[in-house]
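Heads up, the thing below is written out as structure tokens.
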Amino acid sequence: MKRVEVRIKTSFGEVVIANDSPQELLDSLEAVPEDFVEKISNFVSDHLTPSKAQLKGIIEYTTDGPVIVTRENLTHYEAVGLILYASDEHKNTVTQVQKLLELSNIKCMVPARLNEMTKRGQVFKPETNKPEFKLTIQGEKWIQEKVLTVLKEKMN
């Protein structure tokens with residue numbers, strides 16, 4: 001018999017629940033706790049949070065938040081991405097990102113960059129009524145695999 005499955009798209013990827021029959025699938029879905037997606041999202045975020053040692057020489061943590069200290073040339077997208085990556089839960093408000101970039105001596109039109117990064121799939125708004133943006137899993141991978149890798153190579 002064919003397997004029946006449901007795919008649930010989330011901010012961190014896709015959750016697939018599958019069973020052998022439609023009734024078993026419904027039973028499985030009913031057993032999923034209400035805060036299931038939130039708990040998985042927090043788990044993923046907590047386990048992928050960068051260590052301060054990993055960002056040494058690139059980001060400095062201040063009382064205002066993470067500030068970019070590398071003297072390597074960064075694109076505005078990379079700068080915004082690094083600030084979000086180093087922020088708690090990989091998210092921050094537009095105003096705070098703007099402030100942290102100014103403290104980093106980087107002039108940037110943050111709302112425009114975040115809008116373009118949203119179209120690229122690198123950031124999203126967890127709550128549409130709040131001015132916060134968060135890195136997507138794709139955005140986190142981009143920072144880890146491309147931006148940080150290149151910066152660390154240049155620093156060595």
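Just so you know, these numbers use all the heavy atoms, side chains as well, and skip hydrogens, waters and symmetry mates. Quick caveat, the model's predicted, so the values are computed rather than measured.
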Judged by atom type as modelled, is there a donor-acceptor pair below 3.5 Å linking the side chain of [X] to the main-chain atoms of [Y]?
X	Y	answer
Glu24	Asp20	yes
Gln98	Cys108	yes
Thr93	Glu132	no
His76	Lys107	yes
Thr62	Gly65	yes

Write down the atom of [X], the atom of [Y], and the distance for their closest heavy-atom approach.
X	Y	answer
Gly81	Leu135	O-CD1, 3.9 Å
Leu114	Phe133	CD1-CD1, 3.6 Å
Val110	Val97	CG1-CG1, 3.8 Å
Ala79	Leu101	CB-CD2, 3.7 Å
Val4	Ser21	CG2-C, 4.0 Å
Lys134	Pro126	CB-CG, 3.8 Å

Exercise for the section: Using a cut-off of 6.0 Å, state whether more than 12 heavy atoms not belonging to Asp35 lie near its atom CG. Expected result: yes
Practice task
Check the surroundings of atom CG in Asp64: do more than 12 heavy atoms from other residues, nucleotides or ligands lie under 6.0 Å from it?
Solution key: yes
Handout entry: Phe36 and Val15, any side-chain heavy atoms less than 4.5 Å apart
Key = yes
Within this structure, what is the [atom1]-[atom2] distance for the pair [X] and [Y], rounded to the nearest 0.5 Å?
X	Y	atom1	atom2	result
Lys99	Ser104	NZ	OG	12.0 Å
Glu102	Asn105	CD	CG	10.0 Å
Glu78	Met117	CD	CE	9.5 Å
Ile58	Ile68	CD1	CD1	10.0 Å
Ile83	Leu100	CD1	CG	5.0 Å
Tyr61	Leu55	OH	CG	4.5 Å

Check ion pair [X]-[Y] (N to O, under 4.0 angstrom):
X	Y	value
Glu89	Lys91	yes
Arg113	Glu116	yes
Arg7	Glu5	yes

Applying a strict under-4.5 Å side-chain criterion to I, L, V, M, F, W and Y, I'd like to know whether [X] and [Y] cluster together.
X	Y	answer
Val32	Leu26	no
Val69	Val80	no
Tyr77	Met109	no

Taking only distance into account, with no hydrogens and no angle test, what donor-acceptor pairs under 3.5 Å do side-chain atoms of residues 146-154 form with protein atoms, sequence neighbours excluded?
unit_1	atom_1	unit_2	atom_2	d
Thr149	OG1	Gln144	O	3.1
Thr149	OG1	Glu145	O	2.9
Lys152	NZ	Gln54	O	3.3

